[in-house]
Enquirer: 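Could you have a look at this structure, given as structure tokens, before my questions?
Just so it is clear, the structure is predicted and the values come from calculations on it, not from any experiment. One-based numbering along the sequence shown. Counting starts at 1 for both ligands and their atoms, following the listed order. Worth knowing before you read on, the calculation uses all heavy atoms, side chains too, and leaves out hydrogens, waters and symmetry mates.
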Amino acid sequence: MTVNSSRFLADLHALRDFGRDGQGVRRRAFSDPDLAARAWLADRMAEAGLTPHFDPVGNLFGLVPGQSLLLGSHSDTQPEGGWLDGALGVIAALEVARASLEADGRAISVVSFQDEEGRFGALTGSSVWSGKLNLAAADALVATDGTQFSDARARLAARASDFVDPARFVGFLEMHIEQGPVLDQAGDTIGVVTGIVGLRQFQITVKGEQNHAGTTPMAMRRDAFVAVTRIATLLEDRLANIATPKTVWTIGHLRLEPNASSIVPGRAVFMLQWRDADAERLQRIEEAIQGVLAEVQGGTGCAITFERLRQDLAPMPMDDMMQAELAKAAKRVAPGQWRSMPSGALHDASNVAALMPVGMLFVPSINGISHAFEEDTAEDDLVIGLKVLAEAASRLAPL
Ligand code: HGY
Ligand code: MN
Ligand code: MN
């Protein structure tokens with residue numbers, strides 16, 4: 001098959017316009033731009049000769065009849081997202097499937113999973129499709145903006161059909177930007193992914209005592225924000241002898257109440273997530289975190305509780321045969337410009353790996369930036385990645 005790189009790039013730039021904000025994109029799951037993007041994608045799938053199929057949770061498939069290889073990623077974004085995170089894998093999949101149909105080639109289907117970026121849960125669309133999260137539990141998920149998943153997905157109810165049977169696919173390939181600095185710093189173009197990290201996340205609530213910022217002596221305060229800062233600082237210390245240089249933990253969402261400059265904050269709610277490639281180390285970190293929470297509770301007099309958010313995402317190795325086919329294609333298309341490497345970011349491939357053989361390939365992120373409007377990749381690298389994906393898919397897909 002021969003992919004059409006200008007058509008691929010034109011579709012990629014067209015998708016960018018749904019929710020565009022300067023160089024980046026705001027296209028949260030089930031937002032207006034997301035629904036408009038999915039409608040446009042469904043039309044492009046139909047024009048390509050694929051059958052568009054929305055499932056009950058907003059996953060959009062472009063199907064060929066019978067058994068096929070599934071290619072895809074996600075088209076929703078972070079609140080401040082880059083234009084390529086997810087979108088690249090969806091449009092690359094569309095171009096490869098389209099080119100294969102034009103060449104009467106092998107059977108390739110396409111998917112854009114919904115809510116990979118976790119407005120509601122974590123990789124919500126592929127979690128439900130893969131059976132890791134049941135629909136009722138997903139429907140109960142509430143976004144930080146108060147929207148409930150059941151209400152959000154109702155926006156696509158008119159187009160929703162049943163869940164696609166995973167048994168119709170022989171495997172899944174996802175092309176994605178690296179979202180980190182490795183390829184960019186090494187001057188490589190292709191990463192063949194060996195495995196995807198695991199992730200755990202707590203929602204932590206700190207209850208102190210709301211009081212007057214002028215009349216409350218420091219020694220009498222139960223300041224929720226002070227407790228949060230102590231937790232963050234102690235984590236550095238307590239995780240130092242557990243973590244490796246690849247272990248990460250992040251406090252990325254914090255609500256301080258009542259969030260007023262003359263009031264000692266009485267309540268804080270924040271998300272703490274941690275990631276590692278080793279399941280046992282994820283557990284040890286969780287135990288250390290619980291120790292830190294107890295210690296800070298004792299030291300500040302604040303009541304500190306936690307709730308595990310998002311179903312656990314275990315570290316997931318990529319299929320050996322898929323890796324071998326991607327490496328073979330990378331060797332031919334980008335000789336001396338490729339490497340095998342782990343993924344520090346999560347991907348729907350983690351969930352799909354529970355159902356079928358899965359492989360992933362990366363292209364570089366300029367300066368390693370992602371989950372930011374500045375996210376970008378050289379177009380030549382995007383096209384090289386497309387060609388590697390096409391070559392591997394043409395060998396893996398059924399006739
Ligand atoms: O957070 C992640 O790793 C993914 O980009 N949602
Ligand atoms: Mn992504
Ligand atoms: Mn992302």
Enquirer: Just which atoms of ligand 1 are under 4.0 Å from any heavy atom in A345?
Expert: 3 (O)

Enquirer: Just checking, any donor-acceptor pair under 3.5 angstrom between side chains of H53 and N59?
Expert: no

Enquirer: Round to 10° and report the angle made at the Mn ion (ligand 2) by OD1 of D85 and NE2 of H74.
Expert: 90°

Enquirer: What part of R275 sits under 4.0 Å from ligand 1 if we count only heavy atoms: the side chain, the backbone, both or neither?
Expert: side chain

Enquirer: May I ask you to check whether E117 has an N/O atom sitting below 3.5 Å from an N/O atom of ligand 1?
Expert: yes

Enquirer: Could you check which N/O/S atom of E117 is closest to the Mn ion (ligand 3)?
Expert: OE2

Enquirer: Examine L346 against ligand 1 and note whether any of their N/O atoms are separated by less than 3.5 Å.
Expert: yes

Enquirer: Quick one: does ligand 1 sit under 4.0 Å from the side chain of H347, the backbone, both or neither, non-hydrogen atoms only?
Expert: neither

Enquirer: Any chance the side chains of D55 and Q114 put a donor and an acceptor closer than 3.5 Å?
Expert: no

Enquirer: Would you say the side-chain atoms of S73 and E174 include a donor-acceptor pair closer than 3.5 Å?
Expert: yes

Enquirer: Going from CZ on F18 to CZ on R20, what distance comes out if it is rounded to the nearest 0.5 angstrom?
Expert: 12.5 Å

Enquirer: Would you say H176 reaches the Mn ion (ligand 2) with an N/O/S atom under 2.8 Å?
Expert: yes

Enquirer: Under a plain distance cut-off of 3.5 Å, with no hydrogens placed, do T244 and T247 share a side-chain donor-acceptor pair?
Expert: yes

Enquirer: Taking NZ, NE, NH1 and NH2 as the nitrogens, is one of them in D34 or R119 under 4.0 Å from a carboxylate oxygen of the other?
Expert: no

